[in-house]
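Note that the structure is predicted; figures quoted are calculated from it, not measured.
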Protein chains: 2
Amino acid sequence: MTDEKQKSWQSVKEEALARIHSRRWKPGQLIPFEADLAEEFGCSRSTVNRALRALADEGLLDRRRKAGTRVPLYPARKATLSVPVIREDIIAKGYDYSYSLVSLEAEVPPTDVAVRLGWTAARQGLHIVGLHFANTSPYVIEDRWIDQNLADSSDVEAFSNLSPNEWLVTHVPFTAGTIAFSSLNADTQTARLLDCPSGAALFVIERTTRNNRRSITTVRLIFAPGYQIETSI
Amino acid sequence: MTDEKQKSWQSVKEEALARIHSRRWKPGQLIPFEADLAEEFGCSRSTVNRALRALADEGLLDRRRKAGTRVPLYPARKATLSVPVIREDIIAKGYDYSYSLVSLEAEVPPTDVAVRLGWTAARQGLHIVGLHFANTSPYVIEDRWIDQNLADSSDVEAFSNLSPNEWLVTHVPFTAGTIAFSSLNADTQTARLLDCPSGAALFVIERTTRNNRRSITTVRLIFAPGYQIETSI
DNA sequence: GAGTGGTCTAGACCACTCG
DNA sequence: GAGTGGTCTAGACCACTCC
């Protein structure tokens, strides 16, 4: 037992976690029912439920009605990581933030981008490339495509000194999206922008955002060498 | 409104989400209090609480006592992604899985690994390199260091045909860990193992696992070119 | 100090599954 | 069919913060 006084759902969660880690509850094994644990811990079933549900959300327990709750064979399969908002990410690291527009054109996207956007017919989109700096060093390239119908000419002017992401957040509603993490060799233009050797391995985050079933924007964030994203479980 | 009949926390969550997406609740704005929403939706405050808490967990709402609940300026900053269990990942994609041991030696880790493990003094660790295959193609290199005290000679034999990860899961308790995602240029040996060009950009996952405050193992998963990890929000 | 979200309870019914 | 987790309620008190 951790402490006899407490009976919060967090203390129940901790105790359960301790039992998993200490292998008192072994992988693959059924653990006691909610009602029994409630009695053991001297709290209501709701409290036990909340605690075990939290562990299940993190992938450390497997729960099914009637079947009961089990410790999974392969735990911790889920990691929640916070996707950085670039400006805040840079400022949090103690650097000065700045942004500069590299290019802004209306053009027909290449096929891989068209696929991400779900555009079947060839059509123009707004293609914006910008560069975010930490102090004077290039930090990440923001290569974005936006549905042209969303932005009128007055908006377009805003992109010269405002990151498209910050524009989108305040102007465009969205309902869902996907995020993908991958890596990429720097081509010559990318290397030039990021001031790194051509061919360098770069970390890439791709985000596509939809409004109902229609894609409205897709962005590729290409980070300067050495970037890594971290989380703890 | 979505449907008048329902009053589950999920329906409340959906309605709240719809209001955020439609900008009826705008970024930065205060939304109604739990009690008011409970009355509006015809459910108890607990139900509203559960729904709004779920949205807050996903980073779509910002809640503070006394201050109330707000729509954040930059939403969806959290992504939960499931870290693949290699064997299952490969099988799920419809390939045959196989594993082969590349090397197994007791040696002193290089400094970067020693740092990850938190080893201050120079000491030997068990260094295991293995290769996971999807059909006959190399899929990922598993480059792992294990605290030598954890494995005795009889265990070591098991590594010839069992992935160290699967061994660890069933033999070693742990309490916490960190996961990092990054990218890396293939050196010559890595390129040879993964059957890819030297210098190719590879996706890398590093995991370090601790038991109480002591690091027990650190692993670097180096994926063959083209790998990406995805999630939706 | 006062108001908001955070949590707990006891009880109830429901929904999903397994034997 | 029966047992387990999933959820809802009404009410209560607490803890954190903002005014």
* Under 4.0 Å between any heavy atoms, over every strand shown, what does A/R45 touch: base, sugar-phosphate, or nothing? Just pick one. => base

* Reckon A/S46 touches a base, only the sugar-phosphate, or nothing at all at heavy-atom distances under 4.0 Å? -> base

* Structure fact -> Note, DNA chain C 5' to 3' with Watson-Crick or G-U pairs under 3.5 Å encoded as ( ), [ ], | and . gives ||||||||||||||||||.

* With DNA chain D as reference, determine whether A/E34 or B/G42 sits nearer its 5' end, using the nearest nucleotide of each. => A/E34

Just checking, is any N or O donor in the side chain of [X] or [Y] under 3.5 Å from an acceptor N or O on the other one?
X	Y	result
A/S183	B/S183	no
A/R144	A/T217	yes
A/N49	A/R53	yes

* Provide the start and end nucleotides, 5' to 3', of the part of DNA chain D that has atoms under 4.0 Å from heavy atoms of chain B. => D/dT7 to D/dC18

* Asked: How many angstroms lie between CG in B/L104 and CG in B/L126, if you round to the nearest 0.5 Å?
  -> 5.0 Å

* Asked: Quick one: do B/E34 and B/R65 make a salt bridge, cutoff under 4.0 Å?
  -> no

Side-chain donor-acceptor distances from residues 130-140 of chain A under 3.5 Å, at least two apart:
| unit_1 | atom_1 | unit_2 | atom_2 | d |
| --- | --- | --- | --- | --- |
| A/H132 | ND1 | A/Y97 | OH | 2.7 |
| A/H132 | NE2 | A/E142 | OE1 | 2.6 |
| A/N135 | OD1 | A/D96 | N | 2.8 |
| A/Y139 | OH | A/D89 | OD2 | 2.9 |
| A/Y139 | OH | A/K93 | NZ | 2.8 |

* **Side-chain (A/T231) to main-chain (A/T80) donor-acceptor, under 3.5 angstrom** => yes

* Residues which pass salt bridge (Lys or Arg N to Asp or Glu O under 4.0 Å) with B/R64, listed by chain and number, not counting sequence neighbours -> none

* Asked: Take atom CD in A/Q228; do more than 12 heavy atoms of anything else shown fall under 6.0 Å from it?
  -> yes

Grab the N/O contacts between the protein and nucleotides 17-19 of chain C below 3.5 Å, and write none if there aren't any.
| unit_1 | atom_1 | unit_2 | atom_2 | d |
| --- | --- | --- | --- | --- |
| C/dC18 | OP1 | A/R64 | NH1 | 3.1 |

* Asked: Can you name the ring-ring contact (aromatic ring centres under 6.0 Å, His included) partners of A/F223, sequence neighbours left out?
  -> A/Y227

